[in-house]
Amino acid sequence: LDPADVDFFPLKTPADVDKEHFRAGASVAFWNDWVFEGTPEALRKLVGGIAPTIKSSADARYWAYHVFRSSWFLGQGAAGLMASSILTPGGIFGGVSGGGGG
């Protein structure tokens with residue numbers, strides 16, 4: 001197979017193929033276009049948008065679960081980045097080598 005005969009680009013992802021066969025619901029379209037600006041004001045706006053949705057203790061449990069779950073994943077990501085930085089050559093410890101050398 002001659003690489004010149006194959007059109008690799010633009011490369012299709014599984015998501016692109018799904019879009020050709022399925023129609024996304026409104027909430028999916030919302031999240032595809034959503035971008036977090038990363039500012040303190042944007043965070044206040046995001047959190048402020050949650051409060052009006054809490055009408056019962058079940059709603060509060062729902063948000064608490066998802067906030068703590070997301071925080072756990074954020075912590076795991078941060079721990080992974082720190083470990084990677086510490087353990088790689090040029091990192092804080094210059095890389096950790098195993099065993100015997102001289």
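Quick note: numbers below take in every heavy atom, side chains included, and nothing from hydrogens, waters or symmetry partners. Predicted model only: the values in this text are computed from it and were never measured.
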Q) If you draw a 6.0 Å radius around CZ in Phe68, do more than 12 non-hydrogen atoms from other residues or ligands fall strictly inside? A) no
Q) Same cluster for Val47 and Phe30 if Ile/Leu/Val/Met/Phe/Trp/Tyr side chains link at under 4.5 Å? A) yes
Q: Would you indicate whether the side-chain heavy atoms of Tyr62 and Ile54 approach each other to under 4.5 Å?
A: no
Q: For Ser85 and Leu81, indicate whether the former's side chain and the latter's backbone hold a donor-acceptor pair under 3.5 Å.
A: no
Q.
Looking at Val67, is its backbone amide N or carbonyl O close enough to the side chain of Ser71 to form a donor-acceptor pair, meaning the two atoms are under 3.5 Å apart?
A. yes
Q. How long is the gap from OG1 on Thr53 to CH2 on Trp63, to the nearest 0.5 Å?
A. 5.0 Å
Q. Of the non-hydrogen atoms in Val28 and Ala24, which two are nearest, and what is the gap between them?
A. CG1-CB, 3.6 Å
Q: Provide the closest heavy-atom pair for Leu46 versus Trp34 in the form atom of the first, atom of the second, distance.
A: CD1-CZ2, 4.4 Å
